[in-house]
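To keep things clear, I will list the structure first and then write my remarks on it.
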Amino acid sequence: MKANLFLTFISIMLAALLGYLAFNVANGEENDVICGISSGICFATTLIPIIGIQYESGRLGTNIRMFSALFFIVFAISHFSYAGFGVKMPYYIIVNGIMLMIYLAVFYKMKGIKDI
């Protein structure tokens, strides 16, 4: 794995803009700032492996990109539904924290796989 700094910067900026969008969707709710920040973190965590990292193995790169894209979609649905319908902080933190930890654990195991 090799990080392309320009593409990594682009993915971080895209995640920040999507986090700001989640903040605006939750505008007026009591925890809209936390919603925006945590959305940006989750989006950056999934967008960097999709856009900003180049992989030595084509198969492993495709698997990691598809896995990250799947979790990006799940995070997008989760964050925007919480932002749109109202943020209940305990449920929001627990559900998104568990999903983020599952994503990071599986990503860690996947990046350790070597091509045969």
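Please read these numbers as outputs of a predicted model, since none were measured by experiment.
Under the 4.5 Å side-chain heavy-atom criterion for grouping Ile, Leu, Val, Met, Phe, Trp and Tyr, L70 is not connected to F43 through any hydrophobic cluster. One hydrophobic cluster, built from ILVMFWY side chains closer than 4.5 Å, cannot hold both M66 and I53; they sit in different ones. In the hydrophobic clustering of this structure, F85 does not group with F75; members are Ile, Leu, Val, Met, Phe, Trp, Tyr whose side-chain heavy atoms approach within less than 4.5 Å, directly or through other members.
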All N/O donor-acceptor pairs, side-chain side in residues 6-18, below 3.5 Å, sequence neighbours left out:
| unit_1 | atom_1 | unit_2 | atom_2 | d |
| --- | --- | --- | --- | --- |
| T8 | OG1 | N4 | O | 2.8 |
| T8 | OG1 | G52 | O | 3.3 |
| S11 | OG | L7 | O | 3.3 |
| S11 | OG | T8 | O | 2.8 |

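Applying the side-chain hydrogen bond (donor to acceptor under 3.5 Å, both in side chains) test to N96 and every residue at least two apart in sequence or in another chain returns S78. Scored by the side chain to side chain contact (heavy atoms under 4.5 Å, CB included) test, I34 finds N31, M89 as partners (sequence neighbours excluded). Applying the ring-ring contact (aromatic ring centres under 6.0 Å, His included) criterion to Y92, with sequence neighbours excluded, gives H79, Y82. The side chain to side chain contact (heavy atoms under 4.5 Å, CB included) search around I98 returns I94, I102, not counting sequence neighbours.
Here R65 contributes atom CZ and T46 contributes atom OG1; the two are 13.5 Å apart, rounded to the nearest 0.5 Å. Taking CZ from F71 and CG from L100, the interatomic distance works out to 9.0 Å, rounded to the nearest 0.5 Å. Once rounded to the nearest 0.5 Å, the distance linking SG of C42 with CG of L47 reads 11.0 Å. Rounded to the nearest 0.5 angstrom, I51 CD1 and I48 CD1 are separated by 9.5 Å.
Between P49 and A44, the shortest heavy-atom contact is CD-O, 4.5 Å. When all heavy atoms of G19 and S39 are compared, the closest pair comes out as CA-CB, 4.1 Å.
Remark: of the listed residues Y103, Y108, F72, F107, Y103 is the sole one forming a ring-ring contact (aromatic ring centres under 6.0 Å, His included) with F67.
Through chains of ILVMFWY side-chain contacts below 4.5 Å, I37 is grouped with Y20, F23, V33, I41.
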